Colleague: 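Got a structure for you, written out below as C-alpha cells; questions coming shortly.
Below, read A as the first sequence line, B as the second, and so on, with proteins coming before strands; counting in each chain starts at 1. Fair warning: this is a prediction, and the values are worked out from it, not measured in the lab.
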Protein chains: 2
Amino acid sequence: MALDQSVSKIVKVESLHVKVSCQTCSISQLCIPSSLTDSEVSRLEEIIHRETSVQKGKFLCQTGEKFQSLWAVNSGSFKSYTLSEDGDINVTGFYFPGELIGLDAISSSTHRTFVKALETSSVCTLPFDKLDDLSGDIRNLRKQMLKIMSNELMDDQELLMLLSRKNAAERMAAFLLSLSLRFKQRGFSEKSFNLTMTRSDIANYLGLAIETVSRLITKLQKDEIVNINDKLVEIIDHKALIKLAGASCEAH
Amino acid sequence: MALDQSVSKIVKVESLHVKVSCQTCSISQLCIPSSLTDSEVSRLEEIIHRETSVQKGKFLCQTGEKFQSLWAVNSGSFKSYTLSEDGDINVTGFYFPGELIGLDAISSSTHRTFVKALETSSVCTLPFDKLDDLSGDIRNLRKQMLKIMSNELMDDQELLMLLSRKNAAERMAAFLLSLSLRFKQRGFSEKSFNLTMTRSDIANYLGLAIETVSRLITKLQKDEIVNINDKLVEIIDHKALIKLAGASCEAH
DNA sequence: GTTACACATTGATATATATCAATGATTATG
DNA sequence: CATAATCATTGATATATATCAATGTGTAAC
C-alpha cells in the first residue's frame, strides 16, 4: 500500500481569545502526575505551542523527517506505523489523549515512523531543545521525562510478552484491557470507549489476520465478555477479560 | 520453575592496585559515544562503583527489589526475565559488555525483572540519584541518557515487529543478526561469538518452542549460512542471513 | 439515487509450528 | 567413577491461525 492522501499540513486552531493554560488542561502525562510547582508549570507553558488541530488521515510526522518536538495528544487519536521496503505497513502503536508522541525519535533525531490521525485530533507541541534546556534546571521535569521513557520501556516489554507468548484470544483480550486502562488513567470511561482504528489496524498491531480479529470479537460477544457494536466497545465482564488475557498456560 | 540457587551476593573484586578508570575503559555506552569532556568523565567516574564481579547463576537484581542503580556490563553476559504467577519464565532480554541494565526500573523505582548472570561477569554500578544530579549539570550526560533510553525504545519496537510479524526462521535470523551487530558496535567480532544462553532461553525469548530453535539452527547450518557448534556461532553468509531476516512477504 | 469502494463478517482449507516422544550429548553430583 | 540431571537433537502428530473465497454493510463519489 502506498501513502494515502496528501502530506500533512498542520493548521493552527483559532484561539478565539480562549487562553487555555497547562494549569487547567491537566492532560499531558508530562505535567500532571509529576510534582511540578505552579511556577515550573508556567515555565513549561512558555515553551509549549498549544492546541494544534490535525485532520483525520493527516500526518503528524513521516519517516525521515527531522525530529524537533514531542507532541502531547489533547484530543482524538493517532496510529504510528512503519513501511517496509516492500511497502507493507507495520502498525507500531496507538496514541490517545494525555499521551506523548515522538519519544522514540530522540535517539536518532529523525522520525522513524509515520504518525497519522485516526480522527480529527488536536495536539500540543513541545520543542525538544527547549524542553531539554528546561529539564536541566527543573529536577522534577527531568525526573518526569525519564520516568515517562522508562514507563514506555516497561509497556513495550509487556507488549513484547503479549506478542511473543500469547495466543490470538489472549492478545485480543490484553489489547482491550490495555486500552481500557489507558482511558481510565486519563479520566475517561474504562467500561466503554471507541475503537477509532480499523480492524485491519488492530490485526496488524497484534500480528494477527484481520479475519482472526473479527472472529475473536464475535466470540467475545457470544461469551458475553464484551459488547462490540462496530466501533463502540463496552466491557461487560472485566474479570473474565483479565482472566482471558492472563491465562497463558492452559492454551500452551 | 522456582528460583534456583541462593540470592545473589555481589562480591567486590580485589582491586590489586590496578586503578582502571572510565577514561581507559571506554566500554559503557553512557560515556563513549557521547561528547563528554575529560573533566565531565572524571565527575562521572567519581560516582561510579567500579568492577563488581557476579558469579554465574547469581542475580544482579530480583523482582520487587528497590531500584537504586543502573549497571553497566563490563564483561560476561546476563539474561533478564519475569516470572508469571503460574511460575513460568519469560525471558525479556540479554545484556552484553557495554550495555546498561536497569533502565526500565526507573519509572516504578522497583525492579520488575530478575537479572541473572549467564556466566561469571562483571559490572560497574551507577547510583541513579547521583547520576540524575550530575545530569542536571552536564547537558551532554542528560542528552546521552535520553538518547540511550530512546534507543532502547527503538530496539524494543524492532523486536516487537520481529515477534509479532515474523515467522520462526526470520526470528532466528534476526536474533543472530542483532547479536552480531551489538558485538560489532562494542568492538567485538561480528562474525564469531558465543551464545552464552541456552537454547531454551533463546526459544523463550523468541516465543518459539525449543525444538523449533534446534531445527532452525540445524537448517541454518545445512544451508551454510551460519555454523553453530554448541555455543559458538560463526556467521558464514552474512548477506543470506540479512535476506532471511528481512523477508517478511514471501512467507506470508 | 446509483455505483463504487473500503471495511467487516463468516466458512472451508492449508500450513507453520507446538506438542509429544525417544535418544544422545554434556555437565553436575555424590 | 558412576549416576543423575540438564541441555540438545530429531521424528511423528496435533492444532492454532493464516489464507482463500464469498457475502454483507456502511460510507464516499458522481
Colleague: Do you see a donor-acceptor pair shorter than 3.5 Å between the side chains of S77(A) and T196(A)?
Modeller: yes
Colleague: If you go through the side-chain atoms of R215(B), does one of them form a donor-acceptor pair with the base of dT19(C) closer than 3.5 Å?
Modeller: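 A donor-acceptor contact between them is present.
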Colleague: Output the rounded distance in Å from CZ (R171(B)) to P (dA16(C)).
Modeller: 14 Å
Colleague: Grab the NZ-C1' distance between K56(B) and dC7(D) for me, whole Å please.
Modeller: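 About 11 Å, once rounded to whole Å.
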Colleague: Across the strands shown, which category fits A209(A) at heavy-atom distances under 4.0 angstrom: base, sugar-phosphate, nothing?
Modeller: base
Colleague: Going by atom types alone, do T125(A) and S69(A) pair a side-chain donor with an acceptor below 3.5 Å?
Modeller: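 No, no side-chain donor-acceptor pair sits under 3.5 Å.
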Colleague: Using a heavy-atom cut-off of 4.0 Å across all strands, would you classify K231(A) as base, sugar-phosphate, or nothing?
Modeller: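 Sugar-phosphate only.
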Colleague: T218(A) has a side chain; which of dT10(D), dT17(D), dT9(C) sits nearest to it?
Modeller: dT9(C)
Colleague: What is the distance from CG of L195(B) to P of dC7(D), rounded to the nearest Å?
Modeller: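 One finds 15 Å between P of dC7(D) and CG of L195(B), rounded.
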Colleague: To the nearest Å, give me how far apart CZ (R199(B)) and P (dT26(C)) are.
Modeller: 12 Å
Colleague: Assess whether side chain to side chain contact (heavy atoms under 4.5 Å, CB included) is satisfied between V115(B) and W71(B), documenting all intermediate values.
Modeller: CA-CA 11 Å; V115(B) 179; W71(B) 293 285; 5.7 Å; no
Colleague: What is the distance from CG of L208(B) to P of dT19(C), rounded to the nearest Å?
Modeller: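 Rounding to the nearest Å, CG of L208(B) and P of dT19(C) are 11 Å apart.
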Colleague: Quick one: label S214(A) by what it contacts on the DNA or RNA (base, sugar-phosphate, nothing), any heavy atom closer than 4.0 Å.
Modeller: base
Colleague: Between F183(A) and F188(A), what is the ring plane arrangement, given parallel below 30°, perpendicular above 60°, and tilted in between?
Modeller: perpendicular
Colleague: In this structure, is the centre-to-centre distance between the rings of F94(A) and Y205(A) below 6.0 Å?
Modeller: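 So the answer is yes for these two rings.
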Colleague: Would you kindly give the CD-to-P distance between E211(B) and dC7(D), to the nearest whole Å?
Modeller: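 For the pair E211(B) CD and dC7(D) P, the rounded distance is 14 Å.
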Colleague: Rounded to whole angstroms, how far apart are CG on L206(A) and C1' on dA18(D)?
Modeller: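 Taking CG of L206(A) and C1' of dA18(D), I get 15 Å after rounding.
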Colleague: Students often get this wrong, so: under 4.0 angstrom with heavy atoms, is I217(A) touching a base, only sugar-phosphate, or nothing?
Modeller: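 Nothing: the residue I217(A), judged by heavy atoms under 4.0 Å, touches no strand.
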Colleague: For dA18(D) and T212(A) - does any side-chain N or O of the residue sit under 4.0 Å from the phosphate oxygens OP1/OP2?
Modeller: yes
Colleague: Rounded to whole angstroms, how far apart are CZ on R165(B) and P on dT17(C)?
Modeller: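 Answer to the nearest Å: 16 Å.
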